[in-house]
Each structure stands twice: as structure tokens, then as C-alpha cells.
Peer 1: 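Attaching a single structure in C-alpha cells format; questions to follow.
Start at 1 with the first residue, then count along the sequence. Computed over heavy atoms, backbone and side chain alike; hydrogens, waters and symmetry mates excluded.
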Amino acid sequence: MLVVAYDNRSEFEITDTILEELEDAMVRTLLHQEIAVECEVSFSFVNAAEIKDLNRTYRDKDTVTDVLSFPMYEDFILNRETIIKDNPFLPLLLGDIVICIEQAETQAREYGNTLTRELSYLSVHSILHLLGYDHMEDDKKSVMRQIEKEIM
């Protein structure tokens, strides 16, 4: 159901246990959203300097962030049938996820979570972005947060 291409460009050792938890979270998200085809995601772990540079380049925000998502399709969730039909090759590439491991560690401490739980949440959050969800407007934010809660 899901192929994940991992790239660890951080100094942090990513264990098999962490990767299994992240894949489980992402698969639960796809199942929740009733995505019935095999999908692929590129998933990178980076340090604070790299995510700050990416955030500046792609979002014009000169700050460290926890995660960036780069969807392959706009509004996948609304156009999934057409996208899947028009793309005969599987797995279907959904896009790229970039997580700042340092920021995830900081947030895990702030929220009283384990690092694995924080990374799982960020994975769910990112897959939803790849599927076309966002949280820029209050009504869309409440929808996305409810979905995240159901999946987690």
C-alpha cells in the first residue's frame, strides 16, 4: 500500500522501530482517507539549518519549522479518481516530506510526547498535506485537526 524512500540527512540515528511507526502512521492515514492504490512518498530527515533554508526558499519564511510537505498534486483528495485513472503507473507518487528532527525533539519535550509519537503525528500531518488538506483557514484547520485526531 505504501512505499517510502527515506533519506536521513540529519545527525540523528533513525532506528527501524521509528521507521516502522512512521510507516504505520502514514498507512493509517491513507486507509482513513480511503486511498486504495499503492502510493510512494519521499521522506527526508534534516537538521535545523537545512529546513530553515528550505522554508526560506519555498515559503519565504526565514525560520526553522518542524515539517514541510511538497505535494505532487493539487487537491488530490478532491481529484483522486481522475489522478489515479490518468496515472497508470504504480506506486503513485504523492510527494515529498521533510522533517526537522531537532525541531521534532524540541516539540516532543514541550508536549510531553516521545520523539516517536511526535514524528508519527508529523507524518500523519504531512500525508494529509500531500492529499490536499491545509490549515490556513479556521474551517479547514478544524477539519484537518479532527482527521489527525481520529488517525492518531
Peer 1: Any donor and acceptor pair, going by atom type alone, linking the side chain of Asp7 with main-chain N or O of Ser44 inside 3.5 Å?
Peer 2: no
Peer 1: Is the shortest heavy-atom distance from the side chain of Gln107 to the side chain of Asp66 under 4.5 Å?
Peer 2: yes
Peer 1: What are the two closest heavy atoms between Arg56 and Asp53, and how far apart are they?
Peer 2: NH1-OD1, 2.8 Å
Peer 1: Minimum heavy-atom separation for Ile99 to Ala104, with atom names?
Peer 2: CG2-CB, 4.5 Å
Peer 1: Roughly how far, to the nearest 0.5 Å, is the CG atom of Leu128 from the CE atom of Met144?
Peer 2: 5.0 Å
Peer 1: Enter the distance from Asn87:CG to Leu93:CG here, rounded to the nearest 0.5 Å.
Peer 2: 9.0 Å
Peer 1: Say whether Phe70 and Met72 are linked into one hydrophobic cluster, either directly or through other cluster members, by side-chain heavy-atom distances under 4.5 angstrom.
Peer 2: no
Peer 1: So which atom in Asn8 and which in Ser10 form the shortest heavy-atom distance, rounded to 0.1 Å?
Peer 2: OD1-OG, 2.7 Å
Peer 1: Could you go through the side chain to side chain contact (heavy atoms under 4.5 Å, CB included) check for Leu92 and Phe76 one step at a time?
Peer 2: CA-CA 11 Å; Leu92 181 66; Phe76 179 90; 3.6 Å; yes
Peer 1: Hydrophobic clusters here meaning ILVMFWY residues chained together by side-chain heavy-atom distances under 4.5 Å, can you tell me if Ile18 and Val46 are in one?
Peer 2: no
Peer 1: For the CZ atom of Arg109 and the CD atom of Glu118, what is their distance to the nearest 0.5 Å?
Peer 2: 11.0 Å
Peer 1: According to a hydrophobic-cluster definition based on side-chain heavy atoms being under 4.5 Å apart (Ile, Leu, Val, Met, Phe, Trp, Tyr only), do Met26 and Phe45 belong together?
Peer 2: yes
Peer 1: Can you confirm whether Leu19 sits close enough to Phe43 that some side-chain heavy atom of one is under 4.5 Å from a side-chain heavy atom of the other?
Peer 2: no
Peer 1: Group every Ile, Leu, Val, Met, Phe, Trp and Tyr by side-chain heavy-atom contacts under 4.5 Å, then state whether Ile77 and Val41 land in the same group.
Peer 2: yes
Peer 1: Would you sort out whether Ile101 and Ile14 count as a side chain to side chain contact (heavy atoms under 4.5 Å, CB included), showing the intermediate values?
Peer 2: CA-CA 10 Å; Ile101 199 77; Ile14 308 298; 4.0 Å; yes
Peer 1: Quick check, are the ring centers of Tyr121 and Tyr111 under 6.0 angstrom apart?
Peer 2: no
Peer 1: Just checking Gln146: does its CD atom have more than 12 heavy atoms from other residues, nucleotides or ligands closer to it than 6.0 angstrom?
Peer 2: yes
Peer 1: If you look at every heavy atom in Val67 and His125, which pair is closest and at what distance?
Peer 2: CG1-CD2, 4.2 Å
Peer 1: Between side-chain atoms of residues 31-40 and protein atoms elsewhere (two or more places apart, or another chain), which donor-acceptor pairs fall under 3.5 Å?
Peer 2:
| unit_1 | atom_1 | unit_2 | atom_2 | d |
| --- | --- | --- | --- | --- |
| His32 | NE2 | Glu150 | OE1 | 2.6 |
| Gln33 | OE1 | Tyr133 | OH | 2.5 |

Peer 1: Where do Asp139 and Val143 land on the side chain to side chain contact (heavy atoms under 4.5 Å, CB included) test, with the steps shown first?
Peer 2: CA-CA 6 Å; Asp139 60 331; Val143 168; 5.9 Å; no
Peer 1: Closest approach of Arg28 and Ile151, non-hydrogen atoms and distance?
Peer 2: NE-O, 3.3 Å
Peer 1: Look at atom OH of Tyr6 and say whether more than 12 heavy atoms of other residues, nucleotides or ligands are closer to it than 6.0 Å.
Peer 2: yes
Peer 1: Can you measure from CE (Met152) to OG1 (Thr29) and round to the nearest 0.5 angstrom?
Peer 2: 8.5 Å
Peer 1: When you group the ILVMFWY residues by side-chain heavy-atom contacts below 4.5 Å and let the links chain together, are Ile147 and Leu78 in the same group?
Peer 2: yes
Peer 1: With side chains defined as the heavy atoms from C-beta onward, is the minimum distance between Ile97 and Leu130 less than 4.5 Å?
Peer 2: yes
Peer 1: For residues His129 and Pro71, determine if any side-chain heavy atom of one lies less than 4.5 Å from a side-chain heavy atom of the other.
Peer 2: no
Peer 1: Once you round to the nearest 0.5 Å, how far does NZ of Lys61 lie from CG of Leu68?
Peer 2: 10.0 Å
Peer 1: Is Gln103 close to Thr65 at the side-chain level, that is, under 4.5 Å between some pair of heavy atoms?
Peer 2: no
Peer 1: Please report the interatomic distance OH(Tyr73) to CG(Leu131), rounded to the nearest 0.5 Å.
Peer 2: 12.0 Å
Peer 1: Taking atom CG of Asp60 as the centre, does the number of heavy atoms from other residues, nucleotides or ligands within less than 6.0 Å exceed 12?
Peer 2: no
Peer 1: Counting only heavy atoms not in Glu81 (residues, nucleotides, ligands), do more than 12 fall under 6.0 Å from its CD?
Peer 2: no
Peer 1: For Val64 and Glu102: C-alpha separation, side-chain torsions, deciding distance, then whether side chain to side chain contact (heavy atoms under 4.5 Å, CB included) applies.
Peer 2: CA-CA 10 Å; Val64 173; Glu102 295 165 51; over 6 Å; no
